[in-house]
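We number each residue from 1, following the sequence as shown.
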Amino acid sequence: MMKKLLLVFSLPVLCLQVARAQDVVDSLAKAYQKNKQDTTLVQLLNEKAIIKELQTHPDSGLLHTRQALAISRRIHYKRGEVQSLAVMANFLNEIGDLPGSLRVTFEVLPMATALKDYANIAGCYNTLGLTYSTLKNDPKALEYYRKGLAIALQGHLGIQTVIEYNNTSRVFLDMNQLDSALWYTNKAYALSLQKHLYRDIGFLIRNFGIIQYKKGNYAHSIDFFRKSAAQKTTLLNHYLQGEDYRRMAEAYQKLNKLDSCIDCAKIAYQQAQLERNPNQVMQITSLLTDVFRSKNDYKQAYDYQQVMLKAQDSLFSQQKTLQVQNLTFSEQQRQDALKASAIAYQNKVRFYALTGILGAVVLVVLILWYSNNARKKANRLLHEQKEEIAAQRDDLEQAYSDLKNTQTQLRQREKMASLGELTAGIAHEIQNPLNFVNNFSEVSVELLNEMDEELDNGDIQEAKAIGANLKQNLEKIHHHGKRADFIVKGMLEHSRTNTGEKQLTDMNVLCDEFLKLSYHGLRAKDKSFNAEMTTHFDPKLPKVNVSAQDMGRVMLNLYNNAFYAVNQKLKTGGAGYKPEVTVSTSVENGQVVIKVKDNGVGIPDAIKEKIMQPFFTTKPTGEGTGLGLSLTYDMVVKGHGGNIQVNSSVGEGSEFIIQLPVG
């Protein structure tokens, strides 16, 4: 397929779209010089704006389209006004003014619909899709792209159909639905071949690259991104250049070729700055921040992080978010008002028709009078019932909304409670490496003094021996410093908002770390508490592709419950009882199996089926939210495609078994 692609889309052919647009401008310019009509001038200015869009010069494009809009409104040229507003909305979206783009799009869409201007109706839906895609609202973006696609197909708009197919594919890529993304990309590609629509072929080549990237074929994906960047229309487009080099940088990062990653990312950053696209700047500087942090170049990581935060604020500031919400709400109200107006018109038509019929059958008015009064009374009662039902529905919707908000707050409370339990354990765990760092630092100072004495005495060999010891001390200091860094990063991962990003994780290390943190956290709250911790970790356990943040919360919930159970039994178990919590890992039937076992109070059969339900808890009021095991179940089963089982006997203890797919 790619060989055919490269043969068909040679560089001279790819520049035809810009050349054709320029031909249209030249033709309109000659026509305007001849007839001096304002409608021709409006068309000329809008075509100039479209060329600036193809060349990614939004400032010049906005200037042309605003001039066209002013003239159109002055001469009451509706089609020119619609075209100007539609192009303006697209430019505002490109420069990151999402509220402005939404406001203009919602203004022009009814006007374009009234004129049956299919090109601009489809363009408006596409702009709305782009806006909601930037806001990460994939379902809403998909809804508008599909509306735009339907209009483009209805109006036989070839290039707009290609655009809608491509953007629909991009939403499915963001949703990781690769089969759907490939289907829409192939549809756009086939149509481009059939209709000789080569302007947006760079987007399609890049889509093939993204699909390969998401399948893990990183080197193959780079070939597609390079081919996309090499297209002549792409060379003239800062946005496409920035996207292609950013994608290359991400692939090189996955291949651990960090120098190549940085080179591509910097090119992408330059293109994004020229494009003045804050969303691109935010994505690229986020990548550069991560790469420089991994290379321990914290200064550059900090500098790029500041640029990222500034771009993020310009795009998603609270004020802009509120504006977007208000505009969306206003548009919904407008749509509701249109529906209500249509219903009112239909009712009015029915009323006049009924009046005409009654006038034509005056002779039977007396006969129908009684039945007509009865009908009106029935309608009034029905209307009152509808109002009562509507009021009840509103009450139910409000109650449901309040319930959802309460659930969200309780889930956040559960997360913060587990973070509090982690803090005491982290304080204990981090003290050990800090003690080592302090001790080895003091010894290193003494060794340096001894080295100075030996050097003064001229004993080079002894000085080298001391230097070797000093090197060992520094290595130990580095080791324990990394240990403390790991613990702190683990706590930060636990506390920050879940991104859902998965990576290959050593479950032995994760299980061991959170076991210690849970135990020392409980010890910090109750100094008298003690329990034996036994681990049986499979040394050959393969790494698992999981969200380390989510699985850390899972293990912390299970450990906390196990320690709570043995502590409860300790209060009544007698002098011979020894609390014990055992953790083991293994590979069984192609799955990683994690078992957490305690010899605590156990779980009665009557409630065993309920423990995974939200808000169910056996703890006293104020000690638990009842969300721990519910969240654990969601993260294991729904978040990672795994399974969780529980075996328990009252008075003997419980065992929780987690099964996770390998790979």
Side-chain angles (χ1 to χ4, degrees), residues 418 421-422 425 428-429 483 486-487 490 494 502-523 529-570 573 577-603 608 611-612 628-629 631-637 639-663:
S418 65
E421 292 169 354
L422 272 178
H428 181 276
E429 283 293 295
R483 167 71 177 155
F486 177 82
I487 294 170
H494 186 78
K502 297 179 180 179
Q503 57 188 0
L504 291 176
T505 302
D506 188 335
M507 292 305 297
N508 284 343
V509 174
L510 187 142
C511 291
D512 189 49
E513 287 296 330
F514 279 90
L515 177 63
K516 294 175 182 177
L517 293 176
S518 175
Y519 175 72
H520 291 300
L522 293 173
R523 284 271 299 165
F529 173 72
N530 203 351
E532 182 177 350
M533 296 181 292
T534 305
T535 58
H536 301 289
F537 294 144
D538 184 350
K540 297 182 180 180
L541 192 74
K543 292 185 177 180
V544 187
N545 189 33
V546 298
S547 167
Q549 179 185 352
D550 284 350
M551 291 309 301
R553 293 179 190 166
V554 167
M555 299 313 302
L556 185 65
N557 283 335
L558 296 183
Y559 292 149
N560 287 345
N561 287 345
F563 284 126
Y564 179 84
V566 297
N567 193 32
Q568 291 297 106
K569 187 172 180 179
L570 183 63
Y577 173 67
K578 294 182 179 180
E580 182 179 4
V581 174
T582 303
V583 185
S584 64
T585 61
S586 61
V587 178
E588 300 175 10
N589 299 323
Q591 291 186 315
V592 168
V593 179
I594 305 167
K595 298 180 180 179
V596 178
K597 184 177 182 181
D598 66 74
N599 62 345
V601 295
I603 304 171
K608 194 179 297 183
I611 60 175
M612 299 293 180
L629 286 178
L631 293 175
T632 296
Y633 179 87
D634 287 346
M635 287 185 279
V636 172
V637 177
H640 294 85
N643 188 31
I644 183 169
Q645 302 174 7
V646 57
N647 299 322
S648 182
S649 297
V650 176
E652 296 180 10
S654 303
E655 181 181 43
F656 284 82
I657 303 172
I658 293 175
Q659 297 171 314
L660 296 172
V662 177

**Asked** Taking only residues two or more places apart in sequence or in another chain, which ones pass ring-ring contact (aromatic ring centres under 6.0 Å, His included) with F563?
**Response** Y519, F529
**Message:** Tell me whether Y559 contacts the main-chain N or O of C511 through its side chain, where contact means a donor paired with an acceptor under 3.5 Å.
**Reply:** yes
**Message:** Minimum heavy-atom separation for P579 and L570, please, with both atom names.
**Reply:** CG-CD1, 3.9 Å
Could you tabulate the donor-acceptor pairs under 3.5 Å formed by side-chain atoms of residues 590-602, not counting sequence neighbours?
from, atom 1, to, atom 2, distance (Å)
D598, OD1, G600, N, 2.8
D598, OD1, S654, N, 3.4
N599, OD1, Y577, OH, 3.1
N599, OD1, E580, N, 2.9
N599, ND2, K578, O, 2.9

**Fill in**
Value for CD1 (I658) from CG (N643), rounded to nearest 0.5 Å, stands at 10.0 Å
**Request:** Return the set of residues passing side-chain contact (heavy atoms from CB on, under 4.5 Å) with Y633 (not counting sequence neighbours), or none when no residue passes.
**Result:** M612, V637, I644
**Prompt:** Are side-chain heavy atoms of F656 and I611 found at a separation under 4.5 Å?
**Reply:** yes
**Request:** I would like to know whether Q659 and Q645 meet side chain to side chain contact (heavy atoms under 4.5 Å, CB included); could you show each step before the answer?
**Result:** CA-CA 9 Å; Q659 297 171 314; Q645 302 174 7; 3.8 Å; yes
**Asked** How long is the gap from CZ on R553 to OG1 on T632, to the nearest 0.5 Å?
**Response** 10.5 Å
**Shortest non-hydrogen contact from P661 toward V544** = O-CG1, 3.6 Å
**Request:** For S586 and E588, test the side chains for any donor-to-acceptor distance below 3.5 angstrom and give the result as yes or no.
**Result:** yes
**Request:** Please name the residue in the list N560, N561, N557 that meets the side chain to side chain donor-acceptor pair (under 3.5 Å) test with S518.
**Result:** N560
**Test side chain to side chain contact (heavy atoms under 4.5 Å, CB included) applied to F537 and V583, step by step** = CA-CA 8 Å; F537 294 144; V583 185; 3.9 Å; yes
**Item:** Close side-chain approach of H640 and K502, heavy atoms under 4.5 Å
**Value:** yes
**Prompt:** Between S648 and I603, which heavy-atom pair has the shortest distance, and what is it?
**Reply:** OG-N, 2.6 Å
**Prompt:** What is the distance from atom CG of L556 to atom CG of L515, rounded to the nearest 0.5 Å?
**Reply:** 10.5 Å
**Item:** By side-chain contact (heavy atoms from CB on, under 4.5 Å) - contacts of V587 (at least two apart)
**Value:** D538, L541, P542
**Message:** Going by side-chain hydrogen bond (donor to acceptor under 3.5 Å, both in side chains), name the residues that satisfy it together with E655, two or more places apart in sequence or in a different chain.
**Reply:** none
**Prompt:** Residues two or more places apart in sequence or in another chain: which of them pass side-chain hydrogen bond (donor to acceptor under 3.5 Å, both in side chains) with S649?
**Reply:** none
**Prompt:** What heavy-atom pair brings M507 and L660 nearest, and what distance separates the two atoms?
**Reply:** CE-CD1, 4.5 Å
**Complete:** Value for OG1 (T585) from CG (D512), rounded to nearest 0.5 Å, stands at 10.0 Å
**Item:** Atom of V554, atom of M635 and distance for their closest heavy-atom approach
**Value:** CG2-CB, 3.9 Å
**Asked** Rounded to the nearest 0.5 Å, what separation is found between the CE atom of M555 and the CG atom of L517?
**Response** 12.0 Å
